[in-house]
Asks: 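Before I ask anything, here is the structure I am working with.
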Amino acid sequence: GESVGLHLPTLSVQEGDNSIINCAYSNSASDYFIWYKQESGKGPQFIIDIRSNMDKRQGQRVTVLLNKTVKHLSLQIAATQPGDSAVYFCAENMARGTSYGKLTFGQGTILTVHP
Amino acid sequence: DGGITQSPKYLFRKEGQNVTLSCEQNLNHDAMYWYRQDPGQGLRLIYYSQIVNDFQKGDIAEGYSVSREKKESFPLTVTSAQKNPTAFYLCASSPQGPILTDTQYFGPGTRLTVL
């Protein structure tokens with residue numbers, strides 16, 4: 001079946017640096033992507049989303065880039081802070097049949113920010 | 001946690017017992033979801049419901065049951081048939097469900113441990 005995966009399971013950065021978290025997806029029919037942040041012992045928190053008709057979307061300190069040619073998604077965090085330390089998941093939504101609303105999640109990347 | 005509550009936060013169960021996890025939302029969302037998360041892994045869909053009195057199996061429904069008698073509530077029962085129930089259980093809801101760009105928002109989770 002189709003799946004979403006992450007290139008790197010862990011990422012360590014210094015406070016103030018920019019962070020880039022990557023995600024590869026294999027389903028070319030996926031039309032909608034979401035990034036979530038999950039802190040230890042808590043539920044995932046929505047960060048930013050992007051539709052397949054876009055290649056870039058910016059939020060507050062975060063940018064998501066979508067490259068449909070190589071089926072790659074990335075989350076960029078500017079001026080990373082210790083509070084950004086968490087597990088980051090990408091998720092995809094396939095636009096066909098009964099898959100609407102069903103998200104497929106990647107395994108996650110652990111981001112550690114050192115002061 | 002966006003108006004989604006889960007209780008209890010921690011739950012202990014003896015082998016052979018059924019246990020019910022609560023999920024309530026006051027966001028007026030139509031769709032609700034249950035996920036299971038194991039250590040170091042992504043989220044896997046157990047059941048989802050797009051409308052009251054209707055629900056569908058997700059990817060790992062065996063050993064679980066749900067009901068959706070009210071829009072606000074989507075309880076999950078972990079039955080004795082679930083062979084490995086120890087996990088972190090996450091409930092989510094989304095505004096419309098069968099819509100491509102329908103973002104899911106998560107509750108704080110319930111950690112179930114089988115003794």
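Computed from heavy atoms alone, side chains included, the values below leave out hydrogens, waters and symmetry copies. Proteins get letters first, then strands, A, B, ... in listed order; numbering begins at 1 in each. Please read these numbers as outputs of a predicted model, since none were measured by experiment.
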Asks: Could you please spell out the steps behind the side-chain hydrogen bond (donor to acceptor under 3.5 Å, both in side chains) verdict for Gln104(B) and Ser94(B)?
Replies: CA-CA 5 Å; Gln104(B) 294 181 23; Ser94(B) 62; 5.3 Å; no
Asks: Answer with side chain, backbone, both or neither: which region of Phe33(A) has an atom nearer than 4.5 Å to a non-hydrogen atom of chain B?
Replies: neither
Asks: Do Phe74(B) and Phe55(B) make the cut of ring centroids closer than 6.0 angstrom?
Replies: no
Asks: Name the region of Gln56(B), side chain, backbone, both or neither, that has any atom closer than 4.5 Å to a heavy atom of chain A.
Replies: neither
Asks: Between Asp30(B) and Lys71(B), does any side-chain N to carboxylate O distance fall below 4.0 Å?
Replies: yes
Asks: Are Arg111(B) and Tyr10(B) in a cation-pi contact, defined as NZ or CZ under 6.0 Å from the six-membered ring centre and within 45° of the axis?
Replies: no
Asks: Would you mind checking which part of Leu43(B) comes under 4.5 Å of any heavy atom in chain A, side chain (CB onward), backbone (N, CA, C, O), both or neither?
Replies: both
Asks: Using a cut-off of under 4.5 Å for heavy-atom pairs, which of Gly58(B), Gly42(B), Cys91(B) has the most such pairs with chain A?
Replies: Gly42(B)
